[in-house]
Q: 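Below are the structure tokens for one structure; questions will follow.
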Amino acid sequence: MASDHERLRALKAFDETKAGVKGLVDAGVTAVPSIFHHPPEPLPVDAEPHHFAIPVIDLAGAERAELVAQLNAAAETVGFFQVVNHGVPEDLLAEMLAAVRSFIEEPAEAKASYYTRDFGRRVRYQSNFDLFQSPAANWRDSLYMEMAPDPPAPEEIPPACRGVAPDYVRLVRELYRELLGLLSEALGLRRGYLEQDAACLDGLNFAGHYYPACPEPHLTLGTTRHSDPSFLTVLLQDAVGGLQVLVDGKKWVEVPAVAGALVVNVGDFLQLVSNDRFRSVEHRVVASSVGPRISVACFFRTSGAAASTRVLRPIVTGGESEARYRSTTVEELLRHYRAKGLDGTSALQHFKL
């Protein structure tokens, strides 16, 4: 087993290439480097996933009261659901996935200027945001863009994504606004509460993920088990598969690719604000010998200067007698999340009362 000093040296050498995991694959690696080795997973994968299905909700297929009930049931139980007839055209979904793939597959020297670990930059290309904090690195490269409230100038966005990302983000943001209204009603509040009073619409972080085919997928992960530092996350995934949700803390269930659908999950911010009514559930991406897998996640959360003053506080409603979390700022929660890295534990435990 490598010493801490040897591991740090290997991490720095990998990071300094600015080529990411894609660079390793392009170099022809046939064995997964030790910095990517994860311990065996003790929990089983559901061998019969038809026993538990991630809900698919047709946003054009029911009256509003029924949609509120469907979203409430999904958010209170598994914390994940897929939506169809969501207002984002299928050709735009395909273009967004293709744009992320095109950028990551550019030569390393073409991407090097975007490679950074400076969270202050609105456009960042990197492999593993928590490379130097997490117990093991993930088999994944990512393009991050802070798209709201202060989006990057067009020339800051990589050319491969420049013509599609703003349009995609605009439509996903409209979908998110609609979902916030439905979830507000599910909490017994007026339609605009989460958007206006709880200020859940004031930030959007775009993450385009690229998971190369892996020569030894049993040794590593695409993304370690985690929950999201967001109110909601809206995910676009391709048909490769690999996203799994931890159900009842006991077993992993695959989130199947549904043509034209977007995956939505409750984030830590919304679990805190809803006072545990809605569940931010742990999930992961397994590595695969098939690939690349491409996904685009839109994390809806306060960002920029406002994060230091934006307070997250539980909404205590109905028969609830007390708050289950202490109030905190977005900045404090994000600082804690980044400091601990994707270590398989929930950031919310730090704020429990």
Side-chain angles (χ1 to χ4, degrees), residues 1-42 103-104 106-144 146 205 207-229 242 282-288 291-293 297 299 331-347 349-350:
M1 184 175 179
S3 68
D4 289 346
H5 175 73
E6 290 170 331
R7 184 172 185 275
L8 179 59
R9 186 169 60 185
L11 289 171
K12 288 181 175 178
F14 168 72
D15 197 45
E16 287 168 2
T17 68
K18 299 185 178 182
V21 177
K22 179 68 166 57
L24 296 177
V25 173
D26 289 346
V29 295
T30 57
V32 171
S34 61
I35 61 171
F36 294 93
H37 288 189
H38 288 252
E41 170 58 59
F103 170 74
I104 300 292
E106 289 177 0
E109 58 271 18
K111 299 175 292 187
S113 64
Y114 296 100
Y115 198 94
T116 181
R117 298 204 173 274
D118 179 3
F119 284 106
R121 285 179 55 175
R122 287 181 292 186
V123 177
R124 306 181 302 277
Y125 160 58
Q126 59 190 211
S127 186
N128 291 258
F129 76 88
D130 57 346
L131 183 67
F132 296 98
Q133 289 80 37
S134 63
N138 289 315
W139 199 256
R140 181 193 74 213
D141 298 330
S142 304
L143 171 67
Y144 296 100
E146 302 290 344
N205 176 262
H209 297 309
Y210 183 101
Y211 302 84
C214 181
E216 297 178 303
H218 62 286
L219 293 179
T220 190
L221 285 167
T223 303
T224 315
R225 61 184 288 180
H226 68 287
S227 54
D228 291 345
E282 289 184 306
H283 49 287
R284 68 178 185 176
V285 177
V286 295
S288 174
R293 176 185 187 267
F299 300 98
E331 183 177 67
E332 183 186 8
L333 199 155
L334 281 175
R335 190 187 309 118
H336 175 67
Y337 184 91
R338 289 167 177 162
K340 77 178 190 64
L342 299 184
D343 63 354
T345 66
S346 171
Q349 294 304 313
H350 185 70

Q: Please name the pair of heavy atoms, one in Ala13 and one in Thr17, separated by the smallest distance, quoted to 0.1 Å.
A: O-CG2, 3.3 Å
Q: So, taking the atom named OG in Ser142 and the one named CZ in Phe129, what distance separates them when rounded to the nearest 0.5 Å?
A: 9.0 Å
Q: Do Arg124 and Phe119 come close enough that some side-chain heavy atom pair is under 4.5 Å?
A: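 Arg124 reaches Phe119 side chain to side chain.
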Q: Do Gln126 and Arg117 make a side-chain contact, defined as non-hydrogen atoms from C-beta onward lying under 4.5 Å apart?
A: yes
Q: Hey, does Trp139 have a side-chain heavy atom less than 4.5 Å from the side chain of Pro215?
A: yes
Q: Taking all atoms of both residues into account, what is the closest heavy-atom pair of Ala347 and His336, and its distance?
A: O-CD2, 3.6 Å
Q: Identify the heavy atoms of Asn128 and Asn138 that sit nearest to each other, and give their distance.
A: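 Residues Asn128 and Asn138, closest heavy atoms: OD1-N, 2.7 Å.
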Q: Looking at Lys111 and Glu106, does any basic side-chain N land under 4.0 Å from a carboxylate oxygen?
A: no
Q: What distance do Tyr144 atom OH and Thr116 atom OG1 have between them, rounded to the nearest 0.5 Å?
A: 12.5 Å
Q: Mark yes or no for whether His38, through its side chain, and Ala137, through its backbone, hold a donor-acceptor pair below 3.5 Å.
A: yes
Q: Do Val285 and Arg293 touch side chain to side chain, with heavy atoms closer than 4.5 Å?
A: yes
Q: Should the pair Phe103 and Tyr114 be assigned to parallel (<30°), tilted (30 to 60°) or perpendicular (>60°) ring geometry?
A: perpendicular
Q: Asp141 side chain to Gly20 main-chain N or O, any donor-acceptor pair under 3.5 Å?
A: no
Q: If you measure only the distance, is there a donor-acceptor pair under 3.5 Å linking the side chains of Tyr115 and Asp15?
A: yes
Q: Measure the CG-CD distance between Leu333 and Glu331 for me, rounded to the nearest 0.5 Å.
A: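 So the CG of Leu333 and the CD of Glu331 are separated by 11.0 Å.
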Q: Could you tell me if the side chain of Tyr210 sits less than 4.5 Å from the side chain of Val21, heavy atoms only?
A: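 No - every pair of side-chain heavy atoms lies 4.5 Å or more apart.
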Q: Enter the distance from His283:NE2 to Thr224:OG1 here, rounded to the nearest 0.5 Å.
A: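 Separation between the atoms: 11.0 Å.
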Q: Do other residues, nucleotides or ligands put more than 12 heavy atoms under 6.0 Å from the NZ atom of Lys18?
A: no
Q: Is the closest side-chain heavy-atom distance between Ile104 and Tyr125 below 4.5 Å?
A: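 Contact flag for Ile104/Tyr125 side chains = yes.
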Q: Roughly how far, to the nearest 0.5 Å, is the CG atom of Asp228 from the CZ atom of Phe299?
A: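 Here the interatomic distance stands at 5.0 Å.
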Q: Are Phe14 and Ser127 close enough, and set up right, to give a side-chain contact (heavy atoms from CB on, under 4.5 Å), and what steps lead you there?
A: CA-CA 9 Å; Phe14 168 72; Ser127 186; 3.5 Å; yes
Q: Treating Glu6 as the side-chain partner and Ser3 as the backbone partner, does any N or O pair qualify as donor plus acceptor under 3.5 Å?
A: yes
Q: How close do Gly291 and Ala213 get, counting heavy atoms only, and between which atoms?
A: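 That closest heavy-atom pairing would be N-CB, 3.8 Å.
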Q: Between His37 (side chain only) and Val32 (backbone N and O only), is there a donor and an acceptor less than 3.5 Å apart?
A: yes
Q: Does a side-chain heavy-atom distance below 4.5 Å link His209 with Thr223?
A: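 SC-SC contact between His209 and Thr223 ruled out.
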Q: With the side chain counted from C-beta on, respond yes when Arg284 and His226 share a heavy-atom pair under 4.5 Å apart, and no when they do not.
A: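 Arg284 does not reach His226 side chain to side chain.
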Q: First locate atom NE2 of His350, then atom CZ of Arg335, and finally report the distance between them rounded to the nearest 0.5 Å.
A: 9.5 Å
